[in-house]
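Okay, structure first, notes after.
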Amino acid sequence: TDGKIHILKQTGALVKYTKFWRFQEVRKKIELLVLLLALAGIYTVSRNLEKYVQSDQVKSEQERKMDLVVIDSGHGGSDPGKVGINEVLEKDINLKISKQVEKELKNKGYQVVMTREKDQMLAGETSGNSKIQDMKARVDLINEKAPGLAVSIHQNSYHEEEIHGAQVFYYSHSAEGHTAAKLMQQALLGVDSENTRQEKANDTYYLLRRTQVPTIIVECGFLSNQQEAELLAGKDYQKKIAKAIATGIDEYLRNAADGT
């Protein structure tokens, strides 16, 4: 009798172990299935994003005016942008550099459209959500004109004063934007050969996400850095920056025309 009881206990333990083992196997299969479904979801999202980026919402070179450049002078009117350590306003420096870039480009034979030519927002100052409306107006203008390249001029700022140097931003999913930003970053070395900053991808800036042509944002320097703020406020340095920006634009459009 004791032997039978012992056998029954062993059998019961074996059954329990078998059930546990089968449960573990099923759980592993379920976990694997969930992982595969998650990976499939990620793949589908990435493919949809790729289709969106490469869709007809992005204008081809044939649909763009490759001898036309839109220069966007950031901020304006009631929107001062960054305020420098020397109290200089970003909106004013942006406009001065933008006008110099316009002059340089016209001397090179390009057509230029400016988003603003005076101290104003593109949206009415009294309109609701004027900043949002201003950004939409800039994007609409760029998309309507369909230039070979759009360049937005800005100044940077940071809480640590020692940070300095020009930097160029482009839309993360735009190969042409990356090319333009890289050439622009290199061209800006003509102003400051010791600048170690690199072009940087971004997928959150409204202007980069919504424009249908290659668009880059040039942050010419840091108004939070005393030395750089003083330089950026001066006419001579503004002309140097503008000449470098025009050079970067020219190189990008020439390469595009040559198919390189």
Side-chain angles (χ1 to χ4, degrees), residues 53-54 56-74 94-117 138-139 141-154 165-202 205 207-221 236-260:
V53 173
Q54 295 179 350
D56 55 8
Q57 294 188 49
V58 179
K59 297 182 186 295
S60 66
E61 287 185 14
Q62 290 72 30
E63 297 173 301
R64 285 149 46 203
K65 303 177 185 70
M66 299 304 289
D67 63 341
L68 173 67
V69 181
V70 171
I71 300 298
D72 173 47
S73 177
N94 293 345
L95 186 57
K96 290 175 181 177
I97 292 176
S98 294
K99 286 184 174 180
Q100 285 294 328
V101 173
E102 178 188 25
K103 186 183 296 184
E104 292 283 344
L105 288 174
K106 285 184 174 179
N107 287 340
K108 292 177 182 293
Y110 290 102
Q111 299 179 60
V112 181
V113 171
M114 305 279 282
T115 58
R116 70 180 179 98
E117 298 190 67
R138 293 170 194 266
V139 168
L141 177 61
I142 292 171
N143 290 339
E144 178 190 342
K145 297 299 181 182
L149 182 67
V151 179
S152 188
I153 308 296
H154 285 263
Q167 188 166 30
V168 187
F169 292 83
Y170 64 96
Y171 185 48
S172 305
H173 307 288
S174 172
E176 289 188 71
H178 186 190
T179 299
K182 191 175 185 66
L183 288 170
M184 183 63 71
Q185 194 72 57
Q186 291 172 350
L188 287 165
L189 289 174
V191 181
D192 180 6
S193 60
E194 296 182 0
N195 182 17
T196 58
R197 294 189 171 278
Q198 299 293 314
E199 68 280 359
K200 190 172 182 179
N202 181 281
Y205 291 159
L207 194 74
L208 298 180
R209 288 191 298 111
R210 296 294 185 177
T211 46
Q212 298 170 357
V213 301
T215 302
I216 59 175
I217 296 174
V218 181
E219 298 278 2
C220 302
D236 290 343
Y237 195 75
Q238 289 171 3
K239 288 181 180 179
K240 289 180 181 179
I241 287 283
K243 187 173 183 179
I245 292 173
T247 297
I249 293 170
D250 183 48
E251 287 184 10
Y252 168 75
L253 292 175
R254 283 179 179 275
N255 288 351
D258 294 339
T260 57

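Each residue takes its place number in the sequence, starting with 1.
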Quiz item: Does Y237 have any ring-ring contact (aromatic ring centres under 6.0 Å, His included) partners at least two apart in sequence or in another chain, and if so, which?
Solution: none
Quiz item: Restricting to pairs with a member in residues 241-260, which pass ring-ring contact (aromatic ring centres under 6.0 Å, His included), not counting sequence neighbours?
Solution: none
Quiz prompt | Value rounded to 0.5 Å, distance of CD1 in I153 from CD in E219 | solution = 9.5 Å
Quiz item: Looking at NZ of K59 and CD1 of I142, how far apart are the two atoms once the value is rounded to the nearest 0.5 Å?
Solution: 12.0 Å
Practice problem: Write down the atom of T211, the atom of L207, and the distance for their closest heavy-atom approach. | Solution: OG1-O, 2.8 Å
Quiz item: Can you name the closest pair of heavy atoms from I249 and V69 and give their distance?
Solution: CG2-CG2, 3.8 Å
Quiz item: Looking at S73 and T115, what are the two nearest heavy atoms and their distance?
Solution: N-OG1, 3.4 Å
Quiz item: Checking S152 side chain against I217 main chain: does a donor-acceptor pair fall under 3.5 Å?
Solution: no
Self-check item: Listed partners of R138 passing salt bridge (charged side-chain N to carboxylate O under 4.0 Å, His left out), at least two apart
Solution: D72, D134
Practice problem: Identify the two heavy atoms, one from C220 and one from A166, that lie closest to each other, and give their separation to 0.1 Å. | Solution: O-CB, 3.4 Å
Quiz prompt | Residues E199, H178; criterion side chain to side chain contact (heavy atoms under 4.5 Å, CB included); working and verdict | solution = CA-CA 8 Å; E199 68 280 359; H178 186 190; 3.6 Å; yes
Practice problem: Working to the nearest 0.5 Å, report the span between CD1 of I245 and CE of M184. | Solution: 6.0 Å
Quiz item: How many angstroms lie between CG in N202 and OH in Y171, if you round to the nearest 0.5 Å?
Solution: 9.5 Å
Self-check item: From Y110 atom OH to L149 atom CG, the distance as rounded to the nearest 0.5 Å
Solution: 10.0 Å
Self-check item: Main-chain N/O of K182 paired with Q185 side-chain donor or acceptor, under 3.5 Å
Solution: no
Quiz item: Nearest 0.5 Å, what's the CG-CD1 distance between D236 and I241?
Solution: 12.5 Å
Quiz prompt | Atom of G165, atom of N195 and distance for their closest heavy-atom approach | solution = CA-OD1, 3.7 Å
Quiz prompt | Nearest atoms (heavy-atom pairs only) where R210 meets N143 | solution = O-ND2, 3.3 Å
Practice problem: With sequence neighbours excluded, tell me which residues meet salt bridge (charged side-chain N to carboxylate O under 4.0 Å, His left out) with R64. | Solution: E176
Quiz item: D192: what forms a salt bridge (charged side-chain N to carboxylate O under 4.0 Å, His left out) with it, not counting sequence neighbours?
Solution: none
Quiz prompt | Under 3.5 Å: donor-acceptor pair, side chain of Q167, backbone of V218 | solution = no
Practice problem: Please step through side chain to side chain contact (heavy atoms under 4.5 Å, CB included) for the pair Q111 and V113, ending with a clear verdict. | Solution: CA-CA 7 Å; Q111 299 179 60; V113 171; over 6 Å; no
Determine all donor-acceptor pairs shorter than 3.5 Å in which one atom belongs to a side chain in residues 98-105; sequence neighbours excluded.
| unit_1 | atom_1 | unit_2 | atom_2 | d |
| --- | --- | --- | --- | --- |
| S98 | OG | N94 | O | 2.7 |
| K99 | NZ | E117 | O | 3.2 |
| E102 | OE2 | K106 | NZ | 3.2 |

